[in-house]
Amino acid sequence: MAIETYYPFQECEPKWRQAWAERGLFRAGVGDGRPKAYVLEQFPYPSGKLHMGHVRVYTIGDALARFRRMQGYDVLHPMGFDAFGLPAENAAIKHGAQPGEWTERCIDQMREQFTRLGCSYDWDREVVTCRDDYYRWNQWIFIKMWERGLAERRKAAVNWCPKCNTVLANEQVINGRCWRHEDTDVEVRQLDQWFLKITDYAEELLGDLDAKLAAWPNLVTAQQRNWIGRSEGAEVVFRVKESGEPLPIFTTRPDTLFGVTFMSIAPEHPKIMEWIAGKPNEAEVKEFISRVVHEGRESRTDEAAEKVGMPLGVSAVNPVNDEEIPIYVANFVLMEYGTGAIMAVPAHDQRDFEFARKYGIPIRVVIQPQGQTLDPAAMEAAYVEPGVMTQSAQFDGAASEQAKGAITRWLAGRGKGEPTVQYRLRDWLISRQRFWGTPIPFVFCADCGLGPVPIDELPVKLPKKAEFGGEGNPLASVREWVNVTCHKCGGPARRETDTMDTFFDSSWYYLRYCDAHNDRLPFAKEAAAAWMPVGIYVGGKEHAILHLLYSRFFTKVLRDLGLIELDEPFARLLCQGMVLSEGEDPRTGEVKMFKMSKSVGNVIDPGELMDTHGADVARLFILFASPPDKDLEWSETGVEGMARFVNRIWRATQNNLETLRAGVAAGAEVEPGAVEREADRELLRRIHETTRRVTVDLAEREQFNTAIAACMELLNALNDYPLREGDPLGSRLAALAMTRLALLLAPFAPHLAEEVWSQLGREGLAAEQPWPRWDAAALKVETVEIALQVNGKVRARLQVGVEEAEASVRERALAEPGVQNFIDGKQVRKVIYVRHKLVNVVAT
RNA sequence: GCCGGGAUGGCGGAAUUGGCAGACGCAAGGGACUUAAAAUCCCUGGCCUUCGGGCGUGCGGGUUCGAGUCCCGCUCCCGGUACCA
């Protein structure tokens with residue numbers, strides 16, 4: 001009989017995908033009372049092509065979903081497309097197509113690739129954000145937010161990317177540059193824009209990180225904590241000497257108030273122009289401000305940038321001691337944070353210190369380090385640590401940490417200040433001057449002003465066609481779309497042409513999956529309650545702030561709108577690492593591991609990989625090569641090694657097909673009590689041990705690499721097992737091992753699992769089998785090998801009975817020649833006994 | 001600077017609660033089969049060694065009978081973030 005040496009994945013894989021589809025195995029919520037589980041991966045932008053990073057996330061998610069399904073859960077494992085956004089619009093400009101047509105083509109291609117990878121999605125629930133049956137609910141939610149005062153249009157200094165031709169959210173500005181255009185500095189413009197008041201939720205977003213997201217990676221919660229940036233301090237009301245008007249500042253160091261020797265305010269501060277109008281220094285100050293502002297935010301906010309300023313010729317009065325101090329305009333003060341004005345304490349703040357030295361402003365020490373005395377003239381840097389209060393009137397001698405509260409209370413008692421909390425988090429700017437997004441459903445009427453489109457007129461659909469490539473937002477040039485009649489007065493009105501940030505779309509899509517076809521609401525409350533929260537969410541850490549923070553915000557808003565009863569959307573979060581491969585740095589020529597990218601020339605195409613080795617080898621390799629949260633180093637030889645593993649399984653099946661089938665026919669279940677021979681017991685123990693390890697790795701640890709390693713060990717054990725002709729128990733055992741291996745591999749290599757399952761003559765599909773259980777009785781051994789140590793070093797080993805008494809083990813251990821040699825001539829001080837592990841003899 | 005993560009053979013990585021470091025795989029060397037190669041199968045392998053043993057998880061200390069694992073102090077690497085008052 002000719003034996004097939006290679007697993008014929010080309011024939012097997014499509015066959016099993018069809019079988020799954022026909023059985024409808026992946027449909028969720030078919031109402032049979034099984035417990036529910038929600039496994040979700042971040043949906044992709046439909047570029048048209050899966051890259052290796054996609055393969056990694058979706059393989060991880062699919063393995064978890066398949067596992068839970070076999071465990072008996074009713075699993076919701078959906079997929080969709082984050083389909084609005086600039087690339088489609090750029091493609092439209094480049095190829096002369098409409099963004100919608102281009103996007104739908106890409107979606108078809110990607111859906112095909114997902115299927116080819118063997119992903120077990122419930123496609124009935126597909127969500128595509130650029131279709132009006134989805135984005136109408138964006139508009140609906142937006143209007144509900146507006147009604148609650150959570151969405152508003154206002155004039156503000158906003159970030160503008162000249163390449164995207166649109167504004168950006170704060171979260172989309174990285175080091176002063178556009179998140180999509182690393183080479184493009186963001187400009188600041190004063191514009192009327194739509195904001196979502198995420199700052200209203202700052203405290204809850206922060207608090208729930210600790211209270212409810214203990215199962216999230218530290219990396220993500222820490223980044224969110226930083227981003228929200230809560231600072232406790234005090235608002236202190238200084239007064240302008242000349243006019244008496246209040247000039248509040250925010251500080252986290254009220255303990256240093258007596259050391260204030262000047263004040264700095266932001267160049268954009270609205271008071272400046274009032275103060276200098278008609279003064280001799282007016283031209284000079286204006287020139288300075290103009291220079292600083294034009295210098296650009298990027299260089300101005302660089303910490304290394306020189307601190308420069310200019311006195312305004314106006315003084316402030318310090319509320320703690322009525323001292324008059326000069327007010328400077330300074331380049332490093334930000335208008336957006338606090339009040340745009342800061343009290344300056346050169347002795348205890350490094351920036352103020354540098355500034356004071358540069359402009360000859362006095363430095364007054366008000367906090368002394370324990371047991372030392374600082375001399376302002378000799379200081380080389382500000383002293384920023386806590387210490388003992390000095391030169392601070394009645395607070396002298398107190399610990400500075402205590403004085404913070406004391407001084408704040410003193411101020412509050414006199415109406416000169418109060419404790420406050422500042423956040424770094426800014427409101428979310430969500431309007432974009434682009435075509436390919438959800439139209440913001442508002443209308444401007446010259447008489448009635450700004451108003452929402454009535455709910456029953458939603459969706460406001462994008463026009464089917466627009467002209468791309470011209471100036472500005474293409475939407476604005478579609479006259480018949482823009483010009484409408486006001487629903488209040490019937491007069492002429494104009495649609496808002498801004499569209500929503502695509503992060504709006506992705507902030508609630510996971511809820512839509514719960515009830516994807518609802519045409520009355522975004523989703524029914526009961527449907528969301530049935531599935532939410534997402535049990536495990538798999539995705540990249542690049543969304544640690546953006547998408548994950550916005551989604552948390554939306555969940556809380558939707559809760560407050562009464563749509564759900566849920567505080568946090570994602571119970572667990574798994575952030576997978578990047579896929580790297582060897583490449584050559586285009587600049588330095590250095591050869592090392594890089595993230596796959598065209599510029600480095602180290603991209604591996606998943607399509608080609610699946611052509612060569614099949615989907616299962618791709619899946620297995622990507623899960624095996626590295627733990628999921630670490631970066632993965634691509635290795636062609638590693639992939640080949642995985643193909644060898646798959647072929648070994650195949651051969652182990654084919655070489656003994658008759659025997660294995662006979663074993664299956666005879667009932668491939670073997671009770672632990674029924675085995676006598678050592679080799680049989682060993683194989684049975686291995687089967688159960690592997691079951692245990694794979695189950696624990698999947699259920700509790702999300703460690704696929706060790707789970708697959710365990711499967712490899714089981715195969716090795718089976719290959720070493722002396723399977724003989726005419727040994728019914730042996731053939732049943734081997735059949736059990738092989739069928740078990742198929743089931744344990746089913747989450748990782750689903751096609752292969754089906755093929756082995758069916759080759760061995762088992763009924764049904766592997767994917768619908770219950771997840772195997774392990775039997776503790778089969779894990780039992782009669783003897784274990786323990787280590788014998790002398791002074792902590794292993795000197796011998798000993799086989800001991802599992803039930804053997806401690807005294808007996810101690811006695812035999814001491815009698816071992818390997819131990820005796822090392823305690824000879826020494827005195828035994830102590831003998832440590834650890835059951836089933838070791839005996840350690842302490843001798844000197 | 002601050003926050004988070006890491007450092008284990010030639011390489012990717014294991015070690016689940018403080019208990020035999022290096023599972024599993026890759027690469028390597030040797031052998032079998034073959035006219036030959038590929039494929040496959042078998043064997044070897046942390047380093048050093050005077051073959052007794054010694055040394056080994058980034059470095060230096062500590063706790064412990066025992067430390068990759070816990071504590072203190074460093075170094076380096078990766079990621080995030082930063083004139084945030």
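Residue numbering restarts at 1 for every chain, and letters A, B, ... go by the order of the sequence lines. Below, each value reflects all heavy atoms present in this structure, side chains not excepted, and no hydrogens, waters or symmetry copies.
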Is the glycosidic torsion of G68(B) within 90° of 0, making it syn, or is it anti?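 Base orientation: anti.
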Checking understanding here: a glycosidic angle within 90° of 0 is syn, the rest anti, so what is G56(B)? anti
Would you mind checking if Glu354(A) and Arg351(A) are paired as a salt bridge, meaning a charged N to carboxylate O distance below 4.0 Å? no
Indicate, with a heavy-atom threshold strictly under 4.0 Å, whether [X] touches base, sugar-phosphate, or nothing.
X         : value
Gln789(A) : base
Asn218(A) : sugar-phosphate
Arg230(A) : nothing

Side-chain N or O of Arg426(A) closer than 4.0 Å to phosphate OP1/OP2 of C84(B): no
Side-chain N or O of Asn331(A) less than 4.0 angstrom from OP1 or OP2 on C83(B)? no
Could you tell me how far apart [X] ([atom1]) and [N] ([atom2]) are, to the nearest whole angstrom?
X         : N      : atom1 : atom2 : result
Arg693(A) : A14(B) : CZ    : P     : 12 Å
Leu573(A) : G5(B)  : CG    : C1'   : 15 Å
Gln422(A) : C84(B) : CD    : P     : 13 Å
Glu640(A) : C11(B) : CD    : P     : 21 Å
Leu549(A) : G80(B) : CG    : C1'   : 15 Å

Given Asn647(A), Thr612(A), Val646(A), the one that forms side-chain contact (heavy atoms from CB on, under 4.5 Å) with Val617(A): Val646(A)
Could you check whether the side chain of Lys830(A) and the base of C65(B) have a donor-acceptor pair of N or O atoms closer than 3.5 Å, going by distance alone? no
Aromatic ring pairing Trp428(A)/Tyr550(A), orientation class (parallel under 30°, perpendicular over 60°, tilted between):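 Taking Tyr550(A) first and then Trp428(A), their aromatic rings lie parallel (interplane angle under 30°).
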Main chain of Val831(A), side chain of Arg810(A): is a donor-acceptor contact present, judged purely on distance under 3.5 Å? yes
